[in-house]
Protein chains: 2
Amino acid sequence: MSGYAPVIVLVRPQLGQNIGKAARAMLNFGLTEMRLVAPRDGWPNPEAGPAASGADIVLEKAAVFDTVAEAVADCSLVYASTVRRRDLVMSVVGPEEMAGQIRASDGRSAILFGPERSGLESADVALANHIVTVPINPEFGSLNLAQAVILLAYEWSRGEALVQPTRKDDAEPPAPHAELESLIGRIDRELDEAGYYFPPDRTEATRLTFRTLLTKPGWSSRELKAMHGMVRALSDKRRRR
Amino acid sequence: MSGYAPVIVLVRPQLGQNIGKAARAMLNFGLTEMRLVAPRDGWPNPEAGPAASGADIVLEKAAVFDTVAEAVADCSLVYASTVRRRDLVMSVVGPEEMAGQIRASDGRSAILFGPERSGLESADVALANHIVTVPINPEFGSLNLAQAVILLAYEWSRGEALVQPTRKDDAEPPAPHAELESLIGRIDRELDEAGYYFPPDRTEATRLTFRTLLTKPGWSSRELKAMHGMVRALSDKRRRR
């Protein structure tokens, strides 16, 4: 059984707009539990709603705490979304590893995100079991709050989906071979009639070329019918308009 | 050796701000090649720069095209970032599968993103080899442009970090899109001349059908040449009648 969906904790978030965007990013991937620690402009914040673009349920359910410790009191597995710290010797994991650990956990998990301008302080990070870092371009890397939330939420949900059998794509199944053979045969006869197989010593090689390139697609019955129509239209006397 | 880094193609993008945000999202994960198709407000667009938050190099290198076909002419593997379509029978993959295919490809790949309000049109999607869909909360799902770009860029870069699987079989690589377009164009003209497109209200649907079934195989340059030969031979026959 997969673990609890992680709680998303915004620590001292500044702009209501960013809280709203974070809510939207969460709900995009099925996360609904947001907790706010000492939001700068208090709560509720009327600027969060418009930016949430419909993810109001997340904002409505959001719980507010004075400290990070209180916000994660019921969580046994806490991640700090930040970069490696020189002053802290801690486990650092990537998003995929985090998702796997969350899924395997029997208790609740939480992911901490810091204030937009400054990020998490060491005191916040030290409360976590792991640092989670999104591996980003070393020459150009900075994710804003909503981006960090969406990437970690995505990675968690991706992991959830792997537990279930993957849906096949909905391309139509290839037609039975006899139907393909019928198209190949038609094209072969038309090309022969058109005098295409010349010189004779190249005929078999050419036939093989057409056979393989017509077999390669794995066309469905419907697609083969369309190809028959195409071949007929190209070869036959012009239809009257 | 891993495949080329994918080209990011913004089709008829509207706000300069969103182009800037897309550039930033790209560079966060090491993607630098952006192409713009008929940007609404022209190019350069002074509103893109500030929103790019330092990803100016992507904007400076961005190339502009009039049509999607021109923008992907040199690409043999094209993805349309959108949802499943009822009017198109096409392969639909998730981001991880897409990343694997891009990595395994010998040719260039491209990912198409549509205009912010309306998304890609079917005519755009039909130019692609696959639809790529981010599996999103069915009860609340809509990613804006920058979010879609960042998630696909992230998934590609995540794949790059993993150990390379063994190379696929040695089938010839698919031809660049421009060569496929040439075959499609020829068949289209011949069918038109043959009076095939009748009645007129079905013409676009029929064109789309042929486009998708001719795109599906991923024919190599050599195979496309053979198809050209076939089309010519059949059509000459028709004209002699």
Side-chain angles (χ1 to χ4, degrees), chain A residues 24-25 27-30 53-55 57 94-96 134-137 139-144 146-147 150-151 154-155 157-158 161 166 169-172 187 190-191 193-196 206 209-210 212-213 216-220 222-223 226-227 229-231 233-241, chain B residues 24-25 27-30 53-55 84 89-96 130 134-137 139-143 146-147 150-151 154-155 157-158 161 171 187 190-191 193-196 198 206 209-210 212-213 216-219 222-223 226-227 229-231 233-239 241:
Chain A
R24 176 187 180 179
L27 197 53
N28 275 148
F29 293 103
S53 301
I57 184 148
E96 195 175 3
V134 180
I136 208 172
N137 182 356
E139 290 168 45
F140 180 81
S142 74
L143 297 175
N144 65 32
Q147 289 173 324
I150 210 174
L151 285 166
Y154 165 73
E155 190 61 74
S157 92
R158 200 180 68 80
T166 41
D169 66 43
D170 66 353
E172 297 162 330
I187 289 176
E190 295 285 1
L191 287 178
E193 232 185 78
Y196 190 76
T206 306
T209 292
F210 281 116
T212 51
L213 77 82
K216 177 180 190 174
W219 283 319
S220 65
R222 184 190 62 92
E223 290 170 321
M227 283 300 293
M230 180 190 102
V231 171
L234 293 178
S235 334
D236 284 359
K237 196 159 126 81
R238 189 173 178 285
R239 289 188 201 175
R240 290 184 192 286
R241 289 212 175 160
Chain B
R24 175 187 181 179
L27 197 54
N28 276 148
F29 294 102
S53 302
R84 204 178 293 275
V89 180
M90 280 176 70
S91 156
V92 179
V93 299
E96 195 176 1
H130 308 273
V134 180
I136 207 174
N137 181 356
E139 289 167 46
F140 180 81
S142 74
L143 297 175
Q147 289 173 325
I150 209 173
L151 286 166
Y154 164 73
E155 190 62 73
S157 89
R158 197 181 71 80
I187 289 175
E190 295 287 0
L191 287 178
E193 222 186 82
Y196 188 76
F198 185 85
T206 305
T209 291
F210 281 119
T212 51
L213 78 80
K216 178 181 191 174
W219 282 320
R222 184 190 63 88
E223 290 171 323
M227 283 299 294
M230 179 191 102
V231 173
L234 297 179
S235 305
D236 287 352
K237 180 156 104 77
R238 177 185 85 248
R239 281 187 274 274
R241 286 187 155 158

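Hydrogens, waters and symmetry mates play no part in the numbers below; they use all other heavy atoms, side chains included. Note on naming: letters A, B, ... go to the chains in the order of the sequence lines (proteins, then strands), and numbering restarts at 1 for each one.
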Specify the closest pair of heavy atoms between [X] and [Y], including all atoms of both residues, with the distance to one decimal.
| X | Y | value |
| --- | --- | --- |
| A:Y196 | B:M230 | OH-N, 4.2 Å |
| B:R238 | A:A233 | CD-O, 3.4 Å |
| B:E155 | A:Y154 | OE1-OH, 2.5 Å |

Taking every non-hydrogen pair under 4.5 Å, which of [options] racks up the most with chain A?
| options | result |
| --- | --- |
| B:R24, B:E190, B:M227 | B:R24 |
| B:G218, B:G229, B:S53 | B:G229 |
| B:P135, B:A25, B:A226, B:P217 | B:P217 |
| B:T212, B:V231, B:L213, B:V134 | B:L213 |

* **Interatomic spacing from CG in A:L234 to CG in B:L191 - rounded to 0.5 Å** => 5.0 Å
* **Distance in Å, B:E96 CD paired with A:E96 CD, rounded so as to fall on 0.5 Å steps** => 7.0 Å
With only heavy atoms counted, which part of [X] is less than 4.5 Å from chain A, the side chain, the backbone, both or neither?
| X | answer |
| --- | --- |
| B:S235 | both |
| B:E139 | neither |
| B:A146 | neither |

* Asked: In terms of heavy-atom pairs under 4.5 Å with chain B, which of A:N28, A:L143, A:L27 leads?
  ->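 The candidate making the most pairs under 4.5 Å is A:N28.
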* Is there a side-chain contact between B:F29 and A:L151 (heavy atoms, below 4.5 Å)? -> yes
